[in-house]
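Labels below follow one simple rule: chain letters A, B, ... track the order of the sequence lines, proteins then strands, and each chain is numbered from 1.
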Number of protein chains: 2
Amino acid sequence: MIRVLLADDENLIRGALAQMLDLEDDLEVVAQAATGAAALAAARAHRPDVAVLDLQMPDLDGIEVAERLGRELPGCACMIVTSHGRPGYLKRALESGVRGFLPKTTTASTLAQVVRTVHTGGRHVDPELAAEAIAAGDSPLTPREADVLEAAGSGAPVGEIAARVHLSPGTVRNYLSSATAKLGAANRHEAVSTARRMGWI
Amino acid sequence: MIRVLLADDENLIRGALAQMLDLEDDLEVVAQAATGAAALAAARAHRPDVAVLDLQMPDLDGIEVAERLGRELPGCACMIVTSHGRPGYLKRALESGVRGFLPKTTTASTLAQVVRTVHTGGRHVDPELAAEAIAAGDSPLTPREADVLEAAGSGAPVGEIAARVHLSPGTVRNYLSSATAKLGAANRHEAVSTARRMGWI
DNA sequence: AGGCATCCATGACAGATGTCATGGGTGTCC
DNA sequence: GGACACCCATGACATCTGTCATGGATGCCT
């Protein structure tokens with residue numbers, strides 16, 4: 001019997017998924033959580049074999065939970081289920097020790113199957129998401145460029161960004177300029193869009 | 001027995017939801033669809049009593065489906081279930097004849113209850129979403145301002161926006177300027193953010 | 001008919017932004 | 001030690017943007 005932890009902030013979904021997984025003979029949902037923090041607590045308390053984590057949750061996202069879980073409970077395999085498949089997430093997730101990555105558009109049988117796969121030490125990534133991630137490639141941005149571009153994400157003027165990242169306005173403009181050039185965008189706002197789409201910020 | 005149509009592009013969710021609704025004695029899921037178009041076709045074929053529609057679907061969104069369904073099948077009550085509760089959606093939905101509006105964070109029992117409510121001619125809107133919508137108020141933007149601001153959403157430079165909406169660059173700047181002023185933003189990109197948050201574009 | 005909001009456009013100006021050249025500081029790799 | 005990438009900053013310049021004044025066209029309401 002594989003003991004499963006289920007974390008998703010959408011009660012409707014989580015409850016429904018739990019029912020569905022419980023229908024499988026070899027799976028048992030032993031705990032549920034609606035937030036990242038709750039997921040961690042539940043995992044410590046119940047020591048599940050597999051943690052099925054939603055990517056977007058109010059506090060910690062699924063990847064952060066997976067990362068901590070990987071350190072605290074090495075015996076627990078983590079997998080991510082997500083609504084929108086942005087390339088960068090997959091990369092981050094795999095680097096954090098996540099062993100399964102599925103979009104919510106998959107079928108119930110696939111989900112159950114992947115739970116079993118990761119439990120036996122295997123890995124499974126949705127083929128389409130994998131292809132997207134490969135097509136997106138690695139980020140051409142330096143860490144600082146990514147920082148500044150992310151801070152520019154709200155659309156704030158340069159001065160405000162500079163204050164937020166503790167840099168001079170001139171430096172901010174330099175970073176933004178170079179990031180914009182690397183991404184082939186017409187201005188920083190377009191650069192933000194493409195960087196987001198690629199999952200680079 | 002209330003006959004229910006279920007439309008959601010996420011197979012996982014839709015299947016789970018269907019199982020859950022079917023567990024209710026007085027509910028029966030008679031059709032499922034993964035796209036807006038499929039939902040319309042399924043509705044015509046099966047004539048359900050209640051249509052439970054996801055807001056975001058690949059082709060038509062839930063609100064458009066609801067609008068057409070309201071014209072074609074007046075006997076079918078529509079309700080929307082959504083992941084992210086943006087104020088403007090609720091308003092648009094209600095204007096399109098939607099009678100129920102719930103976030104996916106609700107419980108299964110609430111969902112079932114609301115299905116029954118809308119079936120008997122009642123209405124139900126999630127209290128929190130309703131409060132947000134009221135707080136957001138009406139859009140101060142003229143239709144054209146909203147158009148142009150939406151076209152500016154990608155972060156493209158003015159010239160490109162002008163080409164896309166078939167206006168002179170100067171006019172575009174005028175509209176953007178007035179929209180930005182109305183929204184109290186520092187520039188058009190911030191204006192886009194707040195307009196999106198409010199659901200005004 | 002007059003008032004009013006909206007739509008579209010132009011011109012002009014100040015300020016914000018994008019780009020480039022330049023330079024100093026740091027750490028890493030060979 | 002030298003090449004290299006990255007980090008941070010400044011100054012200068014051209015362009016883009018935001019704002020304002022102005023004006024004509026349309027349609028709606030009273």
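- Sorted by first and then second residue, the ring-ring contact (aromatic ring centres under 6.0 Å, His included) pairs with a member in residues 176-201 of chain A read A:H189-B:H189; sequence neighbours excluded.
- Residues that satisfy the salt bridge (charged side-chain N to carboxylate O under 4.0 Å, His left out) test with A:R92, not counting sequence neighbours, are A:D61.
- With sequence neighbours left out, B:R188 forms a side chain to side chain donor-acceptor pair (under 3.5 Å) with no residue at all.
- A:L167 comes within 4.0 angstrom of sugar-phosphate atoms only, judged by non-hydrogen atoms across all strands, and of no base.
- Here salt bridge (Lys or Arg N to Asp or Glu O under 4.0 Å) pairs that include residues 144-161 of chain B, with residues two or more places apart or in two chains, are B:R144-B:D147, B:E145-B:K182, B:E160-B:R164.
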Look for any protein N or O under 3.5 Å of an N or O in nucleotides 20-22 of chain D and output each such pair with its distance, or none.
{"residue": "D:dC20", "atom": "N4", "partner": "B:N174", "partner atom": "OD1", "Å": "2.9"}

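- Rounded to whole Å, atom P of C:dG11 lies 12 Å from atom CZ of B:R173.
- Residue A:E28 qualifies as enclosed at atom CD: its count of foreign heavy atoms under 6.0 Å is above 12.
- The stretch residues 139-150 of chain B touches DNA chain C through B:T142, B:P143, B:R144, each having a heavy atom under 4.0 angstrom from the strand.
- We find the CD1-CZ distance between B:I63 and B:F101 to be 6.0 Å, quoted to the nearest 0.5 Å.
- Helix-axis bend for the helix from C:dA1-D:dT30 to C:dC30-D:dG1: the local axis fitted to the five terminal pairs at one end deviates from that at the other end by 30°, rounded to 10°.
- Applying the salt bridge (Lys or Arg N to Asp or Glu O under 4.0 Å) test to pairs two or more places apart or on separate chains, those with a residue in residues 35-58 of chain B are B:R44-B:E72, B:D54-B:K104.
- Of the residues in residues 156-166 of chain B, those placing a heavy atom less than 4.0 Å from an atom of DNA chain D are B:P157, B:V158, in numerical order.
- The phosphate of C:dT10 (OP1 or OP2) has no side-chain N or O of B:T171 nearer than 4.0 angstrom.
- Salt bridge A:E10/A:R14: absent, no basic N to carboxylate O contact under 4.0 Å.
- Between the B:T171 side chain and the B:L167 main chain, no donor and acceptor come within less than 3.5 Å of each other.
- Listed by residue number, the members of residues 181-201 of chain A with any heavy atom below 4.0 angstrom from DNA chain C are A:N187, A:R188.
- Residues satisfying the side chain to side chain contact (heavy atoms under 4.5 Å, CB included) criterion with A:A66, sequence neighbours excluded, are A:L53, A:C78, A:V98.
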What does the list of N/O pairs under 3.5 Å between the protein and nucleotides 25-27 of chain D look like, with a distance for each?
none

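- Atom CG of B:L17 and atom CG of B:L111 lie 6.0 Å apart (nearest 0.5 Å).
- Remark: C1' of D:dT10 and OH of A:Y175 are 14 Å apart, rounded to the nearest angstrom.
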